[in-house]
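Beneath this line is the structure, given in structure tokens, with notes to follow.
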Amino acid sequence: MSRVPGWLGRLGAGLTEMSERYNERRAEAERERDDAESPTLADDYVPPPPDYAPDVAARPDPALAVPWGVRVAAEAGWRLLVLAGTLWVLMRVISAVQLVVLSFVIALLITAILQPTVARLRRHGVPRGPATALTAVLGFVVIGLIGWFVTWQVMENIDDLSSQIQNGIDELRNWLLNSPFHVTDKQINEIAKNLREAVGANTDQITSAGLEGVTVVVEALTGILLAVFCTLFLLYDGKRIWEWTLRLVPMAARPGVAGAGPAAWRTLTGYVRGTVIVALIDAIFIGLGIYFLDVPMAVPLAVFVFLFAFIPLVGAVVSGALAVVVALVTQGVFTAVMTLVVVLAVQQIEGHILQPFILGRAVRVHPLAVVLSVAAGAMVAGIGGAVVAVPLVAVTNTVAGYLRSHSQKSALRHSVRPRGATAVSAEPGPQTPPQ
């Protein structure tokens, strides 16, 4: 019995020692696992604050601190600046070679008129060269005859017109003296004196303007020659010129541009032909009206009406005002009023019947765009810019619309359609109409 307590003591001590060793090994294993999972800390590592420390707001990313609307405005703003800079450089280049650009654009307008004749002659078996030469010669001869006829009419009637203008001024003066406006002879003489003094004070400017006029004439002749040569080459080799232009376009955008070119050409030819027909009708009816009213130089005035009709809005006003002024100083107030009635009647018929019927949908440009484009064209390039502004805007509108529709069709054509089991779920099923 005395040996039993000793044996139990040794057993308890051994169990206690084994328990301590087990606890030490488990603690060592946990330390090794924690060291393997935790990353190596750098020397400048700062431990996170304890849970009881106050929260400190971290500084956000500057891009995220900017409001969304401001970020969108900034993104759009710098892109607009790039576009504005590109447009400014383009305008500077165009202004530097303004004569060449206007000559080429006028050649395009003339080609749009003459090209159907070349195509018709080609269909009848005439070779390309003779067809182009015959059409160009006939076209330029007609234009030259019109200019010669106007000049001849003006030179033939200049003496009679001068006397009629003098008589008309005297009649206008007498009418002002006897009118209810209470204009006195002293006031009329004062106005005439001021005009003479203004002319005398600006003699140097008038002389310099005359010298500049010589330069303008030389530039006009140069532009006419350039337009003639460009027209000849466009009529003869327009298709190959267009194909060469397409090679300058990147391959990815070439199909869209290749389709936009013919659409733009159809718009341009429709505009030019419609404008020629409308201008011819205006010139005929206004010329007949002022001819029956005994206004001198009715035919040259009708030709001016035809030419100025190519300047939208402004041309009709200028040509009509010229006819009214000539009628006023030659035939009196009543004839001038009747001329104004004729001009307004023809222009109303043109604006509400002729242009919508003849031009149709060839040129779909808003009137506000017409006004702004004519004003901008006149500011950039004078009368030539006003003439080419509207067809340029119409062609740009057509090209933009075609490229937009082409991109949408390409996106639909190249979109990935679901196949297999997803095709059934992707297809929209029949929907039950609302009860």
Side-chain angles (χ1 to χ4, degrees), residues 78-113 115 209 212-235 237-238 241-250 253-254 256-258 260-269 271-272 275 307-308 310-315 318 363 365-366 368-403:
W78 73 261
R79 287 176 171 84
L80 289 176
L81 287 176
V82 172
L83 292 177
T86 305
L87 183 61
W88 182 80
V89 172
L90 181 62
M91 296 302 297
R92 296 287 293 180
V93 172
I94 290 176
S95 62
V97 291
Q98 176 180 339
L99 182 63
V100 177
V101 174
L102 285 179
S103 301
F104 182 75
V105 173
I106 292 173
L108 281 176
L109 298 178
I110 299 175
T111 304
I113 301 175
Q115 193 269 336
E212 292 178 357
V214 176
T215 305
V216 170
V217 170
V218 174
E219 291 182 353
L221 293 176
T222 305
I224 290 172
L225 292 177
L226 284 175
V228 169
F229 280 108
C230 291
T231 303
L232 290 174
F233 284 109
L234 289 174
L235 287 174
D237 218 8
I241 293 175
W242 171 243
E243 292 175 352
W244 176 84
T245 305
L246 284 178
R247 296 194 188 101
L248 304 177
V249 181
R254 194 171 297 174
V257 177
W265 183 250
R266 286 192 296 269
T267 299
L268 182 62
T269 53
Y271 171 81
V272 174
T275 304
L307 295 178
F308 276 92
F310 286 90
I311 306 177
L313 301 178
V314 180
V318 173
V363 181
V365 181
H366 195 275
L368 179 60
V370 173
V371 174
L372 295 179
S373 61
V374 170
M379 292 175 62
V380 173
I383 297 177
V387 171
V388 304
V390 175
L392 180 61
V393 171
V395 168
T396 304
N397 184 33
T398 301
V399 171
Y402 181 88
L403 292 178

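As the structure is a prediction and not an experimental result, all values here were calculated from the model.
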- Message: Other residues, nucleotides and ligands only: do more than 12 of their heavy atoms fall within 6.0 Å of CZ on Arg79?
- Response: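 Atom CZ in Arg79 is packed in, count exceeds 12.
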Separation of [Y] [atom2] from [X] [atom1] (nearest 0.5 Å):
X      : Y      : atom1 : atom2 : value
Leu108 : Trp265 : CG    : CH2   : 6.0 Å
Leu225 : Phe229 : CG    : CZ    : 6.5 Å
Trp78  : Leu83  : CH2   : CG    : 9.5 Å
Thr231 : Leu226 : OG1   : CG    : 10.5 Å
Ile113 : Leu109 : CD1   : CG    : 7.0 Å
Ile94  : Leu102 : CD1   : CG    : 9.5 Å

Which atom pair, heavy atoms only, marks the closest approach of [X] to [Y]?
X      : Y      : result
Val257 : Trp242 : O-CZ2, 3.5 Å
Tyr402 : Gly256 : CE2-O, 3.4 Å
Val399 : Ala264 : CG2-CB, 3.7 Å
Leu99  : Ser103 : O-OG, 2.7 Å
Ala107 : Cys230 : CB-CB, 3.4 Å
Arg254 : Arg247 : NH2-O, 3.5 Å

- Task: Mind running side chain to side chain contact (heavy atoms under 4.5 Å, CB included) on Tyr271 and Val390 for me, showing each step along the way?
- Result: CA-CA 9 Å; Tyr271 171 81; Val390 175; 3.9 Å; yes
- Quick one: which of Thr398, Asn397, Thr396 gives a side chain to side chain donor-acceptor pair (under 3.5 Å) with Thr267?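 Answer after filtering Thr398, Asn397, Thr396: Thr398.
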- Message: When you compare the side chain of Trp88 with that of Met91, does any pair of heavy atoms fall below 4.5 Å?
- Response: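 With C-beta onward as the side chain, the pair stays apart.
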